[in-house]
Structure formats: C-alpha cells, structure tokens
Amino acid sequence: MKKYLVEFIGTFFLVFTVGMCVRGGAGPFAAIAIGFSLMVMIYAGGHVSGGHFNPAVTLAVYLRGKCDARDVLPYWIAQFLAGLVAALLVSFIFNGRPTGVTASHPLINSIIVEFLFTFALAWVVLNSATAKGTAGNSFYGLAIGSTVLVGAVAVGAISGGAFNPAVGLGVFSMGLESAQQFGVYLASDFVGGAVAALTYRFVNGTD
C-alpha cells in the first residue's frame, strides 16, 4: 500500500501542476513547472515505488522486468485515480471560470509525437533509473523531468504534450482536451512505453 500511495501522490501533483499551469495561464513557464514537478516527486518517492507516476512508464518498467506483475494494476489504479482527483480539484479551484474552447489537435501528428516522446520518456527512465550501468546515480530525477520539459516545449503545441495516460485523463476531465485526444494519449503513450521497453531489452538484454 505504501508504494501505491506514493504513486498516487506523485501523479496527483504532476497532474495538478499541469492543470493549474494551463488554467492559470502560466504560458512559457508551464513546461518548466511541469518538468520540475515530475522531477521533485521522483526524488521524493522514487526510493519507495520507483517513481513511475505514469501508466505508460509502469508498463515499460514491467516489460523490462523491474516491476512485479502484481503491482501493475494497482499502480495504474493509483495513477488514474490521482489524475482524476487532481482534475476535480483544479476544476473546483477555478469554479465559475470557463476553460474556453477544448483544444484541437491534428490526429495523425498527435499520434506520432505522443508516441515519440513517450518512447523517449520511458527510454530515459529505463536507462537512468533501472540499468546496472547507471545504478546508484543521483541524476535520474533530473533526466526524467527534463525529458518531459523538452517534450512539452517541442511538441506541446501539436498534441498537448501529455506523454502520460494519467495526465491525459486529467486534462480530459478538466475539459481541456477532447475524448478523441484522450484516446490518442491512451493508445500512443502505452505503445510508446512498450516499444521503449522492447528496445531496451534488445540493446541491453535482461541486464
């Protein structure tokens, strides 16, 4: 239960930061805040749960062989529940202030960039936080958070820059993204995480 609680807390603060930045008009500083939010939550909880805070990352770590099968579903439940609770709290805080028009993104382009940067995120997680060659390092949180920051700046305007199905649920629940885009976040992000794990195993074996 401790691991699941830590996954809930970390995912909650990540999605809450996303919502507050978007609804609050953080502009160009949003990507920095979101990347740093993930980084600090990883440093805070990584030693307990692994600091996934992302269902696609959990899938990648499981396929890589560093997450017990019995933990996958509870991690997903904690992560998605955290995304939903964060979305409800953001909506409560901004009660009476409209979200504006739901974002519109080109479908194929969104599928491509969400896959690519979720792959990149999972690839960085696996190589910086689970590989023998980088065991015991103190930079893994910075590397992972920076990957999200880079992705948000590079392709946020194309897809919304979720790279995380729990974030996708959160922004959909806040009315910031459409049901179709939530579907993109689910499909592309899970596939990106899975392909990253398979690529890691091809390059590194079972380590």
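All figures in this text were calculated on a predicted structure; none of them were measured in a lab.
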Those residues at least two apart in sequence (or on a different chain) that pass side chain to side chain contact (heavy atoms under 4.5 Å, CB included) with L88 are L84

Scan for side chain to side chain donor-acceptor pair (under 3.5 Å) pairs involving residues 149-159, sequence neighbours excluded, and state none if there are none.
-> E114-S159

Side chain to side chain contact (heavy atoms under 4.5 Å, CB included) partners for S178, two or more places apart | T102, Q180, Q181

Test side chain to side chain contact (heavy atoms under 4.5 Å, CB included) applied to F16 - qualifying residues, sequence neighbours left out = F12, M20, A86, L89, V90, I93

For the student: nearest non-hydrogen atoms of E7 and N54, plus distance | OE1-N, 4.5 Å

If Ile, Leu, Val, Met, Phe, Trp and Tyr residues are connected whenever their side-chain heavy atoms lie under 4.5 Å apart, and connections chain through other members, are V57 and L116 in the same group?
-> yes

Residues pairing under ring pair (Phe, Tyr, Trp, His ring centres under 6.0 Å) where one sits in residues 188-207, two or more places apart or in two chains, turn out to be W76-F190

Would you find a donor on one side and an acceptor on the other, under 3.5 Å apart, between the side chain of N109 and the backbone of P106?
-> no

Say you draw a straight line from OG1 of T118 to CG of L59; how long is it, rounded to the nearest 0.5 Å?
-> 11.5 Å

When you look at OH of Y62, are more than 12 heavy atoms from neighbouring residues, nucleotides or ligands closer to it than 6.0 Å?
-> no

Return a table of donor-acceptor pairs under 3.5 angstrom between the side chains of residues 164-174 and protein atoms on other chains or two or more places apart.
from	atom 1	to	atom 2	distance (Å)
N164	OD1	A166	N	2.9
N164	OD1	V167	N	3.4
N164	ND2	F53	O	2.9
S173	OG	L169	O	2.8

Pairs involving residues 177-205, ordered by first then second residue, that meet salt bridge (charged side-chain N to carboxylate O under 4.0 Å, His left out) (sequence neighbours left out) | none

Sequence neighbours left out, what pairs pass ring pair (Phe, Tyr, Trp, His ring centres under 6.0 Å) with at least one residue falling in residues 140-162?
-> Y43-Y140

Crowding at NZ, K66 (>12 non-hydrogen neighbours, <6.0 Å) = no

Which donor-acceptor pairs under 3.5 Å do the side chains of residues 120-130 make with protein atoms, sequence neighbours left out?
from	atom 1	to	atom 2	distance (Å)
N127	ND2	W123	O	2.9
S128	OG	V124	O	2.6
T130	OG1	R64	NE	2.8
T130	OG1	L126	O	2.5

Quick one: which of T147, V18, I144 gives a side-chain contact (heavy atoms from CB on, under 4.5 Å) with L38?
-> I144

Might you point out which heavy atoms bring K3 and D71 nearest each other, and give the distance in Å?
-> NZ-OD2, 2.7 Å

Side-chain touch V195/F115, heavy atoms, less than 4.5 angstrom = yes

Other cluster members, M1 - Ile/Leu/Val/Met/Phe/Trp/Tyr, side-chain contacts below 4.5 Å | Y4, Y75

What are the two closest heavy atoms between V6 and S49, and how far apart are they?
-> CG1-OG, 3.5 Å

Can T11 and Q79 be counted as having a side-chain donor-acceptor contact under 3.5 angstrom?
-> no

Taking side-chain hydrogen bond (donor to acceptor under 3.5 Å, both in side chains) as the test, write out the residues that go with S188, two or more places apart.
-> none

Under 3.5 Å donor-acceptor, S37 side chain and A33 backbone | no

Compare every heavy atom of R23 with every heavy atom of L176, then report the nearest pair and how far apart it is.
-> CD2-CD, 3.8 Å

If you take all heavy atoms of L149 and A31, which pair is closest and at what distance?
-> CG-O, 3.7 Å

Which residues satisfy the side chain to side chain contact (heavy atoms under 4.5 Å, CB included) test with I77, sequence neighbours excluded?
-> L73

Got I34 and L14 here, is their nearest side-chain heavy-atom distance under 4.5 Å?
-> yes

